[in-house]
Structure formats: C-alpha cells, structure tokens
Amino acid sequence: MIAFIVAGMLGVVLLVGYIAVLVGIRREDKALNLRRRPDGASAALARKVTGCYVRNGVSWT
C-alpha cells in the first residue's frame with residue numbers, strides 16, 4: 001500500500017513539473033524574449049530543462 005502512495009506522489013510531482021515546463025515554454029514563446037532574463041519561475045525552469053538560456057547577456061546583437 002505504501003508503494004502505491006509513493007508512486008502516486010512521484011507521479012503527481014512529475015506531472016506538475018512537466019506542466020510547469022510547458023507553461024514556461026509557452027510564456028517564452030509568446031514574449032519573444034530569449035535575450036533577456038526570464039520573467040518567472042516557470043520560464044526559468046523551462047530554459048534550464050531545455051538548455052536554452054543565456055549567460056551574462058548577449059554580445060552579438
């Protein structure tokens with residue numbers, strides 16, 4: 001029984017993380033602001049998970 005509870009909680013955590021990344025990707029796509037800092041936790045998480053982030057600004061603009 002405890003294994004089912006732990007598995008269920010892990011599933012919920014993974015689902016919430018997945019949804020947060022999807023929301024962050026959607027926000028970044030609509031804002032078109034990959035050259036600036038992310039404006040929220042979901043956007044920052046989406047950048048870290050996808051590997052699409054900028055360190056110390058952009059110098060080629």
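Worth knowing before you read on, the calculation uses all heavy atoms, side chains too, and leaves out hydrogens, waters and symmetry mates.
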S.K.: List the residues meeting side chain to side chain contact (heavy atoms under 4.5 Å, CB included) with Ile19, not counting sequence neighbours, and say none if there are none.
M.R.: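 Ile19 satisfies side chain to side chain contact (heavy atoms under 4.5 Å, CB included) with Leu15, Val23 only.
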S.K.: If you group Ile, Leu, Val, Met, Phe, Trp and Tyr whenever their side-chain heavy atoms sit less than 4.5 Å apart, what else falls in with Met9?
M.R.: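 Members besides Met9, by chain and number: Ile5.
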S.K.: So which atom in Ala46 and which in Gly24 form the shortest heavy-atom distance, rounded to 0.1 Å?
M.R.: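 Shortest heavy-atom contact: CB-C, 3.7 Å.
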S.K.: Please go through Leu45's hydrophobic cluster and name the other residues, only I, L, V, M, F, W, Y counting, with side-chain heavy atoms under 4.5 Å joining them.
M.R.: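 Grouped by the 4.5 Å side-chain rule, Val21, Ile25, Val49 form the rest of the cluster around Leu45.
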